[in-house]
Amino acid sequence: MTSVARPVARTAYQQSVADYWNAEKDPVNLRLGDVDGLYHHHYGIGDYDPSVLDGRGEKRDKAIIAEMHRLETAQSQFLLGHLGDIAPTARLLDAGCGRGGTSVQAHQRFGCRVDGISISEQQVDFANEQARLRGIDDSVRFHLRNMLDTGFESGDFAGIWNNESTMYVDLHELFAEHARQLAPGGRFVTITGCYNDLTGGRSRAVSQIDQHYICNIHARGDYFTALAANGFVPINVVDLTEATIPYWELREQSSVATGIEGPFLTAYREGSFHYLLIAADRV
(Lines give C-alpha, C1' and ligand atoms only; values in the text may rest on other atoms or scores of the structure.)
Protein backbone atom coordinates (compact mmCIF):
# COMPACT_ATOMS: atom_id res chain seq x y z
CA MET A 1 0.00 0.00 0.00
CA THR A 2 2.93 2.36 0.63
CA SER A 3 4.90 1.68 -2.56
CA VAL A 4 4.38 2.97 -6.08
CA ALA A 5 6.39 2.54 -9.24
CA ARG A 6 7.09 6.25 -9.68
CA PRO A 7 9.30 8.20 -7.24
CA VAL A 8 7.31 10.10 -4.61
CA ALA A 9 9.63 12.96 -3.67
CA ARG A 10 10.73 14.69 -6.88
CA THR A 11 12.89 17.46 -5.42
CA ALA A 12 15.23 18.03 -2.49
CA TYR A 13 12.58 20.23 -0.92
CA GLN A 14 9.90 17.55 -1.22
CA GLN A 15 12.29 15.05 0.34
CA SER A 16 12.89 17.43 3.23
CA VAL A 17 9.13 17.65 3.78
CA ALA A 18 8.86 13.85 3.72
CA ASP A 19 11.76 13.57 6.17
CA TYR A 20 10.14 16.08 8.51
CA TRP A 21 6.82 14.23 8.66
CA ASN A 22 8.46 10.80 8.76
CA ALA A 23 10.28 11.85 11.94
CA GLU A 24 7.38 13.80 13.47
CA LYS A 25 5.84 12.41 16.66
CA ASP A 26 4.49 15.63 18.09
CA PRO A 27 2.22 15.18 21.15
CA VAL A 28 -0.06 17.93 19.81
CA ASN A 29 -1.03 15.50 17.06
CA LEU A 30 -0.77 12.18 18.89
CA ARG A 31 -2.27 12.94 22.31
CA LEU A 32 -5.31 14.64 20.80
CA GLY A 33 -5.88 11.67 18.51
CA ASP A 34 -5.63 9.29 21.44
CA VAL A 35 -8.90 10.75 22.77
CA ASP A 36 -11.02 8.78 20.28
CA GLY A 37 -8.68 7.39 17.64
CA LEU A 38 -9.18 10.21 15.11
CA TYR A 39 -5.71 11.55 14.41
CA HIS A 40 -5.62 14.94 12.73
CA HIS A 41 -2.93 17.28 11.47
CA HIS A 42 -4.85 20.53 11.50
CA TYR A 43 -6.17 23.20 13.84
CA GLY A 44 -9.54 23.84 15.46
CA ILE A 45 -12.45 26.23 15.13
CA GLY A 46 -15.08 27.46 17.57
CA ASP A 47 -15.15 28.74 21.14
CA TYR A 48 -13.72 26.52 23.83
CA ASP A 49 -15.36 25.71 27.15
CA PRO A 50 -13.51 27.91 29.68
CA SER A 51 -14.27 25.45 32.49
CA VAL A 52 -11.50 23.17 31.17
CA LEU A 53 -9.02 25.65 32.65
CA ASP A 54 -10.47 25.40 36.15
CA GLY A 55 -8.97 22.06 37.16
CA ARG A 56 -5.46 21.24 38.29
CA GLY A 57 -2.74 18.83 37.34
CA GLU A 58 -3.56 15.80 35.21
CA LYS A 59 -7.31 16.40 35.32
CA ARG A 60 -6.88 19.89 33.87
CA ASP A 61 -4.48 18.62 31.23
CA LYS A 62 -6.85 15.88 30.07
CA ALA A 63 -9.75 18.32 29.88
CA ILE A 64 -7.75 20.76 27.74
CA ILE A 65 -6.57 17.98 25.41
CA ALA A 66 -10.12 16.68 24.96
CA GLU A 67 -11.43 20.18 24.25
CA MET A 68 -8.71 20.89 21.69
CA HIS A 69 -9.58 17.62 19.99
CA ARG A 70 -13.24 18.60 19.91
CA LEU A 71 -12.32 21.85 18.17
CA GLU A 72 -10.08 20.18 15.57
CA THR A 73 -12.76 17.57 14.86
CA ALA A 74 -15.28 20.39 14.39
CA GLN A 75 -12.92 21.91 11.82
CA SER A 76 -12.78 18.77 9.68
CA GLN A 77 -16.54 18.27 9.93
CA PHE A 78 -17.00 21.86 8.75
CA LEU A 79 -14.79 21.14 5.75
CA LEU A 80 -16.64 17.93 4.88
CA GLY A 81 -19.95 19.75 5.07
CA HIS A 82 -18.88 21.86 2.09
CA LEU A 83 -18.36 18.87 -0.22
CA GLY A 84 -22.08 18.82 -0.95
CA ASP A 85 -24.18 15.70 -1.46
CA ILE A 86 -21.86 12.70 -1.73
CA ALA A 87 -23.38 9.35 -2.68
CA PRO A 88 -22.24 6.11 -0.99
CA THR A 89 -21.03 4.97 -4.43
CA ALA A 90 -18.77 8.01 -4.82
CA ARG A 91 -15.02 8.20 -4.31
CA LEU A 92 -13.23 10.98 -2.43
CA LEU A 93 -9.57 12.02 -2.24
CA ASP A 94 -7.86 13.42 0.85
CA ALA A 95 -4.76 15.14 -0.56
CA GLY A 96 -2.15 15.48 2.16
CA CYS A 97 -4.00 13.17 4.52
CA GLY A 98 -1.71 13.26 7.55
CA ARG A 99 -2.60 10.40 9.89
CA GLY A 100 -5.98 10.02 8.22
CA GLY A 101 -8.55 11.40 10.66
CA THR A 102 -10.53 13.42 8.12
CA SER A 103 -10.66 10.46 5.71
CA VAL A 104 -12.19 8.31 8.44
CA GLN A 105 -14.74 11.02 9.20
CA ALA A 106 -15.62 11.29 5.50
CA HIS A 107 -16.34 7.56 5.30
CA GLN A 108 -18.40 7.73 8.49
CA ARG A 109 -20.38 10.66 7.12
CA PHE A 110 -20.96 9.58 3.51
CA GLY A 111 -20.39 5.81 3.54
CA CYS A 112 -18.26 6.10 0.41
CA ARG A 113 -14.77 5.05 -0.61
CA VAL A 114 -11.99 7.40 0.45
CA ASP A 115 -8.36 7.45 -0.68
CA GLY A 116 -5.78 9.43 1.26
CA ILE A 117 -2.33 10.34 0.03
CA SER A 118 0.78 11.60 1.78
CA ILE A 119 4.42 12.03 0.91
CA SER A 120 5.28 10.58 4.35
CA GLU A 121 5.58 6.81 4.60
CA GLN A 122 5.22 7.02 8.39
CA GLN A 123 1.88 8.81 8.05
CA VAL A 124 0.58 6.37 5.43
CA ASP A 125 1.49 3.31 7.49
CA PHE A 126 -0.06 4.82 10.61
CA ALA A 127 -3.28 5.79 8.81
CA ASN A 128 -3.66 2.37 7.17
CA GLU A 129 -3.27 0.69 10.54
CA GLN A 130 -5.99 2.91 12.01
CA ALA A 131 -8.32 1.99 9.13
CA ARG A 132 -7.56 -1.69 9.72
CA LEU A 133 -8.28 -1.41 13.43
CA ARG A 134 -11.63 0.20 12.64
CA GLY A 135 -12.46 -2.50 10.11
CA ILE A 136 -12.88 -0.02 7.26
CA ASP A 137 -9.67 -0.74 5.33
CA ASP A 138 -11.68 -2.07 2.38
CA SER A 139 -13.17 1.41 1.92
CA VAL A 140 -10.57 3.80 3.38
CA ARG A 141 -7.07 3.38 2.01
CA PHE A 142 -3.93 5.45 2.23
CA HIS A 143 -1.17 5.66 -0.35
CA LEU A 144 2.39 6.93 -0.50
CA ARG A 145 2.01 9.35 -3.40
CA ASN A 146 2.79 12.89 -4.48
CA MET A 147 -0.29 15.10 -4.60
CA LEU A 148 1.07 16.85 -7.69
CA ASP A 149 1.13 13.59 -9.67
CA THR A 150 -0.89 10.89 -7.94
CA GLY A 151 -1.18 8.28 -10.66
CA PHE A 152 -4.93 7.95 -10.12
CA GLU A 153 -7.22 7.75 -13.14
CA SER A 154 -8.72 10.94 -14.56
CA GLY A 155 -12.25 11.83 -13.49
CA ASP A 156 -12.41 9.21 -10.73
CA PHE A 157 -13.31 11.48 -7.81
CA ALA A 158 -16.52 13.26 -6.86
CA GLY A 159 -14.69 15.40 -4.33
CA ILE A 160 -11.17 16.30 -3.26
CA TRP A 161 -9.93 18.25 -0.28
CA ASN A 162 -6.71 19.66 1.12
CA ASN A 163 -6.83 20.33 4.84
CA GLU A 164 -3.88 22.61 5.62
CA SER A 165 -1.55 21.00 3.08
CA THR A 166 -1.55 23.39 0.11
CA MET A 167 1.33 25.44 1.55
CA TYR A 168 3.78 22.67 0.61
CA VAL A 169 3.19 22.77 -3.14
CA ASP A 170 2.78 25.02 -6.17
CA LEU A 171 -0.90 25.93 -6.40
CA HIS A 172 -1.12 25.87 -10.21
CA GLU A 173 0.36 22.38 -10.34
CA LEU A 174 -1.88 21.19 -7.53
CA PHE A 175 -5.13 22.52 -8.97
CA ALA A 176 -4.26 21.21 -12.43
CA GLU A 177 -3.90 17.72 -10.94
CA HIS A 178 -7.11 18.10 -8.95
CA ALA A 179 -8.98 19.24 -12.07
CA ARG A 180 -7.73 16.15 -13.93
CA GLN A 181 -8.86 13.80 -11.17
CA LEU A 182 -12.28 15.32 -10.50
CA ALA A 183 -15.35 14.25 -12.42
CA PRO A 184 -17.12 17.12 -14.23
CA GLY A 185 -19.00 19.10 -11.61
CA GLY A 186 -16.82 17.67 -8.85
CA ARG A 187 -16.08 19.72 -5.76
CA PHE A 188 -12.76 20.84 -4.29
CA VAL A 189 -12.56 22.17 -0.73
CA THR A 190 -9.60 23.48 1.20
CA ILE A 191 -9.06 25.02 4.60
CA THR A 192 -5.77 26.84 4.65
CA GLY A 193 -3.76 29.61 6.17
CA CYS A 194 -2.74 32.33 3.70
CA TYR A 195 -1.01 35.63 4.08
CA ASN A 196 -2.86 38.87 3.47
CA ASP A 197 -1.54 40.20 0.16
CA LEU A 198 -2.92 43.66 0.98
CA THR A 199 -0.29 44.07 3.70
CA GLY A 200 2.64 43.91 1.29
CA GLY A 201 4.04 40.41 1.76
CA ARG A 202 4.75 37.96 4.54
CA SER A 203 4.87 39.47 7.99
CA ARG A 204 7.51 38.42 10.48
CA ALA A 205 4.98 36.16 12.23
CA VAL A 206 4.01 34.44 8.97
CA SER A 207 7.69 33.89 8.16
CA GLN A 208 8.13 32.26 11.57
CA ILE A 209 5.29 29.86 10.77
CA ASP A 210 6.92 29.03 7.43
CA GLN A 211 10.20 28.30 9.14
CA HIS A 212 8.60 26.16 11.85
CA TYR A 213 6.79 23.88 9.41
CA ILE A 214 9.30 24.19 6.50
CA CYS A 215 6.43 25.31 4.29
CA ASN A 216 5.74 28.18 1.90
CA ILE A 217 2.52 29.98 2.83
CA HIS A 218 0.79 31.43 -0.21
CA ALA A 219 -0.88 34.80 -0.63
CA ARG A 220 -4.66 34.84 -0.36
CA GLY A 221 -5.08 36.03 -3.95
CA ASP A 222 -2.89 33.26 -5.33
CA TYR A 223 -5.57 30.69 -4.48
CA PHE A 224 -8.23 32.38 -6.58
CA THR A 225 -5.87 33.03 -9.48
CA ALA A 226 -4.75 29.40 -9.60
CA LEU A 227 -8.29 28.04 -9.20
CA ALA A 228 -9.60 30.15 -12.08
CA ALA A 229 -6.66 29.17 -14.30
CA ASN A 230 -7.54 25.50 -13.83
CA GLY A 231 -11.28 25.63 -14.42
CA PHE A 232 -12.56 26.01 -10.88
CA VAL A 233 -15.33 28.39 -9.83
CA PRO A 234 -15.43 29.26 -6.11
CA ILE A 235 -18.90 28.80 -4.62
CA ASN A 236 -18.12 29.39 -0.94
CA VAL A 237 -15.40 31.38 0.79
CA VAL A 238 -15.55 31.49 4.58
CA ASP A 239 -13.14 33.53 6.70
CA LEU A 240 -12.42 31.34 9.73
CA THR A 241 -9.75 33.59 11.21
CA GLU A 242 -11.78 34.72 14.23
CA ALA A 243 -13.15 31.19 14.68
CA THR A 244 -9.68 29.65 15.02
CA ILE A 245 -8.21 32.14 17.49
CA PRO A 246 -9.82 30.44 20.55
CA TYR A 247 -8.15 27.15 19.59
CA TRP A 248 -4.74 28.82 19.59
CA GLU A 249 -5.44 30.62 22.86
CA LEU A 250 -6.31 27.30 24.48
CA ARG A 251 -3.37 25.49 22.89
CA GLU A 252 -1.00 28.15 24.24
CA GLN A 253 -2.11 27.15 27.76
CA SER A 254 -1.82 23.40 27.14
CA SER A 255 0.91 20.89 27.92
CA VAL A 256 1.33 20.22 24.18
CA ALA A 257 2.18 23.80 23.18
CA THR A 258 5.09 23.87 20.73
CA GLY A 259 6.09 27.53 20.84
CA ILE A 260 4.52 28.42 17.48
CA GLU A 261 1.29 29.54 19.17
CA GLY A 262 2.56 33.10 19.65
CA PRO A 263 3.34 33.74 15.96
CA PHE A 264 -0.05 32.29 14.93
CA LEU A 265 -1.93 34.52 17.36
CA THR A 266 0.12 37.57 16.41
CA ALA A 267 -0.42 37.00 12.69
CA TYR A 268 -4.17 36.48 13.07
CA ARG A 269 -4.67 39.44 15.37
CA GLU A 270 -2.62 41.87 13.30
CA GLY A 271 -4.44 40.84 10.12
CA SER A 272 -1.38 39.61 8.21
CA PHE A 273 -2.63 36.01 8.14
CA HIS A 274 -6.05 34.61 7.29
CA TYR A 275 -7.60 31.19 7.86
CA LEU A 276 -9.97 30.47 4.97
CA LEU A 277 -12.27 27.76 3.70
CA ILE A 278 -12.59 27.78 -0.07
CA ALA A 279 -15.03 25.50 -1.89
CA ALA A 280 -14.90 25.44 -5.70
CA ASP A 281 -16.58 23.43 -8.44
CA ARG A 282 -14.80 22.03 -11.48
CA VAL A 283 -16.50 23.37 -14.60
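Positions are given from 1, in the same order as the sequence printed here.
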List for me each residue that meets salt bridge (charged side-chain N to carboxylate O under 4.0 Å, His left out) alongside Arg91, sequence neighbours excluded, and say none if there are none. Asp115, Asp156
Once side-chain contact (heavy atoms from CB on, under 4.5 Å) is applied, do any residues pair with Arg204, and if so which ones, sequence neighbours excluded? Gln208
Looking at residues at least two apart in the chain, or sitting in another chain, which of them share a salt bridge (charged side-chain N to carboxylate O under 4.0 Å, His left out) with Lys62? Glu58
Taking only residues two or more places apart in sequence or in another chain, which ones pass ring-ring contact (aromatic ring centres under 6.0 Å, His included) with His42? His40
List the residues meeting ring-ring contact (aromatic ring centres under 6.0 Å, His included) with Phe126, not counting sequence neighbours, and say none if there are none. Tyr39
Mind checking what makes side-chain contact (heavy atoms from CB on, under 4.5 Å) contact with Glu270, not counting sequence neighbours? Ser203, Ala205, Thr266, Ser272
For Val233, which fellow cluster members are found when Ile, Leu, Val, Met, Phe, Trp and Tyr are connected by side-chain heavy-atom distances below 4.5 angstrom, either directly or through intermediates? Val283
Tell me every residue that passes side-chain contact (heavy atoms from CB on, under 4.5 Å) with Thr11, counting only those two or more places apart in sequence or in another chain. Tyr13, Gln14
For Tyr195, give me all partners under ring-ring contact (aromatic ring centres under 6.0 Å, His included), at least two apart in sequence or on another chain. none
Not counting sequence neighbours, which residues clear side-chain contact (heavy atoms from CB on, under 4.5 Å) with Ala176? List them please. Asn230
Under the rule for ring-ring contact (aromatic ring centres under 6.0 Å, His included), what residues qualify as partners of His218, not counting sequence neighbours? Tyr223
Glu177: salt bridge (charged side-chain N to carboxylate O under 4.0 Å, His left out) partners, not counting sequence neighbours: Arg180
Donor-acceptor check, side chain of Glu121 to backbone of Asn22, threshold 3.5 angstrom: yes or no? no
